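See structure below.
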Amino acid sequence: MGILNVTPDSFSDGGRFNERSAALRHAQAMVTAGAAIIDVGGESTRPGAEAVTESEELDRVVPVIEAIAETLDVVVSVDTSNPVVMREAAAAGAGIINDVRALQRPGAIDAVVDSGLPVCVMHMKGDPATMQDNPSYADVVSEVCDFLRQRSEVLAQAGISKERILWDPGFGFGKTSEHNLHLLKHLDLLTAHANVVVGLSRKRLFADILGSTTADRTSASVAAAMLGVQRGAAIVRVHDVAQTVDALKVLQAAELGYVPDLPKAANDQ
Ligand code: 8Y7
């Protein structure tokens, strides 16, 4: 899953054509690099980020979703917590709803039910403004697992079958680096229950591991995506699609014991 943030282009004066065509080009590049899903988001969940209005969010994401769905052979996921945006995105051709608030906003469950689409529910402790202020858990893995299990029950009751529900532990959302590492280490406890999405790409965890002098978090993110898949993740949400796909091809070949794309005879040595 390649990340496509659709946020205002500070270089264009109000016209939206430039940012839309840049978004489409970026999506195209990620598909060429091997992305199967493009996650389109118009709301920043960074601590301190300004809330986006509904009409602004719609204006950012809907035309981009429509353009990608029309022109590229890829599944479009919409990163939103707003039920109106979910509905409009589905109508524009989105194939997955990705909600960091796990459909807890009023109307969000109904929007997903009506869309018929699969949904990714993510765990977050607190809200984006304050979630990194000293988060604490008795047992982060069981708390996250219990939350996702409870959300799945609620969604199943509403008519969203379990096969349509993806789980995400929400790395970095109300978690210290230690919490994140604990969740990654024990990811199998989540993947035993559902298809799991892992989003670690370029997150602050890597500044703690590498030291803040390492500005480029790509290699670290690729390593983490590999570990996530090795521990059973179904989907990795990443910025650096080409590098991640290369790494996952190596993982796949190593697990198969041959190069999947070569004819069998060529693999014999
Ligand atoms: C995640 C996410 C973000 C994640 C899922 C960032 C929208 C922060 N992180 N969605 N969104 N999982 N499912 O650094 O980890 O990309 S935004």
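The model shown is predicted, which means the values in this text are computed figures rather than measured ones. For ligands, and for the atoms within them, numbers begin at 1 and follow the listed sequence.
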| query | What class does the angle between the rings of Y137 and H179 fall in, given that below 30° is parallel, 30 to 60° is tilted and above 60° is perpendicular? | reply | perpendicular
| field | Side-chain donor/acceptor of N82 to backbone N/O of V84, under 3.5 Å | value | yes
| Salt bridge check: are R149 and E153 linked by an N-O gap of less than 4.0 Å? | no
| Residues in contact with ligand 1, criterion: heavy atom under 4.0 Å | T45, D79, N98, V100, C120, M122, D168, F173, G199, K203, R237
| note | Sorted by chain and number, sequence neighbours left out, ring pair (Phe, Tyr, Trp, His ring centres under 6.0 Å) with H182 holds for H186
| message | Under the rule for side chain to side chain donor-acceptor pair (under 3.5 Å), what residues qualify as partners of H193, not counting sequence neighbours? | response | none
Donor-acceptor contacts, no H, no angles, side chain residues 164-171, under 3.5 Å, sequence neighbours left out:
unit_1	atom_1	unit_2	atom_2	d
R164	NE	L117	O	3.1
R164	NH2	V112	O	3.3
R164	NH2	L117	O	3.0
W167	NE1	S152	OG	2.8
D168	OD1	G170	N	2.8

